[in-house]
S.K.: 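After the structure tokens below, expect a handful of questions from me.
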Amino acid sequence: MKHTQMIYDQDVISRADIARETNLTRTTVSSIVADLMDEGLVVETGIGPSEGGKPPRLLGIVENARQLLCLDLSSSCFREALVNLRGDITCRVEEMVNGRTGAAALSLIYDLIDQLLAETTTVILGIGLGTPGLVDTSQGVVRDAFNLDWHDVPLKSLLDGRYPYPVYIANDSHLAALAAYTFSDQESQNLVLIKAGRGIGAGIVLNGELHYGDGFSAGEIGHVSVVEVGELCSCGNYGCLETVASVRSILQQVTVLHGALQSPTWEDILAAAEQGDETIQAILRQAGMYMGTAVAHLVGILNVRHIVIAGPISRAGQPFLDGVRTAVNQRVLPAMAAETEIGFANLGDDIVLLGASALVLNYRLGII
Ligand SMILES: [Zn+2]
């Protein structure tokens, strides 16, 4: 699969270059490329400069050769898109969940898939799906997704029974990390992405591969306790990161601490922070400090230099980011803190959809 990755990574590449990089013989490479061309995934795009002999023919990926059908179930609105091989979204549908759980949430998914299948313009390479909760990616089973009231739901087999395409499922934070790794320019093979909205979870890419953990729960930092005598969390423990740094907890803190702003929305809070409201800025900064405590442990354990913050919290701006950085600076060795880059993701609301497309690309074509 490394050859497909090379053609994908380079805009154009010759058969000789692939042979050189992969240590495969030219005959083997030619045969592999012939197969990829037969499948319509690769075309010859032109002639390269001669290196002494006959000038080489250059190869490139046909970005619209396949479509990936991707779903993001991680927010109060189920989102779905058709994505091409380069992560470009060509068509999308979405629908508010409106409290639907269990079987009703499943039929919403079937409806959305049926709608987009009617819009496809080429062969579907696979269905990729990002869901909140604990997901057994190898079996395609959602072990627990509390918001959707799903427990041991065999989502992959249910979809396999309805649609003739391979189905891949993973946790939404894991997929967001995969998206940031696959679709952003970065040189390191390692990355940690923390996704925070209603809940908080992280995805960890190590040596170019998503690290799921023994029980598929790697990066479950939302329920690591960061406050000594903290509030009761939905998980039954006290002082979890989610009780102090999730969007939901920030909304509660503003309601309690801010005289003028009662029952604010996330938009209200962002607007007030933007306009210089010092109480709100201090709350965001403190939430960032708690997040930074968790980040410091990840940096100390993994020595990953690239930390990305995504999800609704990524709009919390400079006060939040300052808080994260301050806590990291206080809690890890100065040399390690200095070489750690912490920033917000730039893939917007589509990050889980793009991660789902990367998951399908990874399984079907060996591309990441
Ligand atoms: Zn908890």
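Counting starts at 1 for both ligands and their atoms, in listed order. A quick note: this is a predicted structure, and the numbers were derived from the prediction, not measured.
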S.K.: Could you tell me whether a side-chain N or O of Arg100 sits under 3.5 Å from a main-chain N or O of Met96, the two making a donor and an acceptor?
M.R.: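 Judged by distance alone, yes, a pair lies under 3.5 Å.
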S.K.: Going by chain and residue number, what protein N/O/S atoms come nearer than 2.8 Å to the Zn ion (ligand 1)?
M.R.: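 Correct list: His223 ND1, Cys233 SG, Cys235 SG, Cys240 SG.
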S.K.: Aromatic contact between Phe146 and His151, with the criterion being ring centroids under 6.0 Å apart: yes or no?
M.R.: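 Centroid distance Phe146-His151: below 6.0 Å, so yes.
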S.K.: Is a donor on one side and an acceptor on the other found under 3.5 Å between the side chain of Asn190 and the backbone of Asn207?
M.R.: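 Yes; judged by distance alone, with no hydrogens or angles, the pair exists.
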S.K.: By the salt bridge (charged side-chain N to carboxylate O under 4.0 Å, His left out) test, which pairs, at least two apart or in different chains, include something from residues 27-41?
M.R.: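 Not a single pair qualifies under salt bridge (charged side-chain N to carboxylate O under 4.0 Å, His left out).
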S.K.: Do any N or O atoms from the side chain of Thr293 and from the backbone of Met289 form a donor-acceptor pair under 3.5 angstrom?
M.R.: yes
S.K.: Do the rings of Tyr363 and Tyr168 sit parallel, tilted or perpendicular, given the 30° and 60° boundaries?
M.R.: parallel
